[in-house]
Amino acid sequence: MNIKTVQLDRGSLSLAITAEVDFERFGEFAEPLALALDAKVRERQWGADRHQWLLDFESCPVWLNYEFYGDICWLSVERDSDFEVLAYLAQLLKPHLKAAQNAGQ
């Protein structure tokens with residue numbers, strides 16, 4: 001799981017993740033990500049150019065999305081009141097971000 005950046009966006013209730021993701025082997029990225037977030041995978045959906053997994057983080061539904069053509073990955077919540085969950089998840093990803101940055105040095 002090579003995470004380069006994370007960025008919160010309150011307006012879209014999302015946490016953008018810049019990482020090396022292989023669309024064909026999305027599970028190899030998503031499973032360790034869910035584990036790092038201490039989240040359970042509830043659903044896995046995919047189509048021609050998109051993966052969408054429903055995660056459960058302490059009874060809060062969090063969507064993990066990846067679109068192939070834009071090479072865009074993000075976590076999102078549906079309710080404004082759950083935005084604080086994304087902020088917390090961003091903190092959980094910080095050690096993985098540092099590991100990725102330190103590996104390049």
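Taking a 6.0 Å sphere around CG of Asp56, one finds it holds more than 12 heavy atoms contributed by other residues, nucleotides or ligands. Under a cut-off of 6.0 angstrom, the local environment of CD in Gln45 is crowded, with over 12 non-hydrogen atoms contributed by other residues, nucleotides or ligands.
Linking Ile, Leu, Val, Met, Phe, Trp and Tyr residues whenever their side-chain heavy atoms come within less than 4.5 Å leaves Trp46 and Tyr69 in two separate clusters. The hydrophobic clustering, which links ILVMFWY residues whose side-chain heavy atoms are closer than 4.5 Å, places Tyr88 and Ile3 together.
Summarising the geometry, atom CG belonging to Leu54 is positioned 5.0 Å from atom CD belonging to Glu43; distances are rounded to the nearest 0.5 Å. Atom OG of Ser76 is separated from atom CG of Leu15 by 10.0 Å, given to the nearest 0.5 angstrom. Here the NZ atom belonging to Lys40 is positioned 8.0 Å from the OG atom belonging to Ser59, to the nearest 0.5 angstrom. A distance of 7.0 Å separates CG of Asp9 from CZ of Phe83, quoted to the nearest 0.5 Å. Note: Glu84 CD to Leu89 CG = 11.0 Å, rounded to the nearest 0.5 Å.
Contact record, Val77 with Val62: CG1-CG2, 4.1 Å, taken as the closest heavy-atom pair. Of all heavy-atom pairs spanning Pro32 and Gly27, the tightest one is CD-O, 3.8 Å. The two atoms that bring Ala34 and Leu55 nearest to each other are CB-CD2, 4.2 Å, heavy atoms only. Between Leu13 and Glu78, the shortest heavy-atom contact is CD1-O, 3.7 Å. The nearest pair of heavy atoms linking His96 to Leu92 is CD2-O, 3.7 Å. The minimum heavy-atom distance linking Ala30 with Leu64 is given by the pair CB-CD2, 3.7 Å.
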Practice item. Give the C-alpha distance, both sets of side-chain angles, the deciding distance and a yes or no for side chain to side chain contact (heavy atoms under 4.5 Å, CB included) between Val6 and Leu75. Key: CA-CA 10 Å; Val6 294; Leu75 295 169; over 6 Å; no
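In this structure, Tyr66 has its ring center no closer than 6.0 Å to that of Phe29.
No option in Trp63, Trp74, Phe26 other than Phe26 meets the ring-ring contact (aromatic ring centres under 6.0 Å, His included) test with His51.
Asn65 is not listed as a side-chain neighbour of Ile72, based on a closest heavy-atom distance of 4.5 Å or more.
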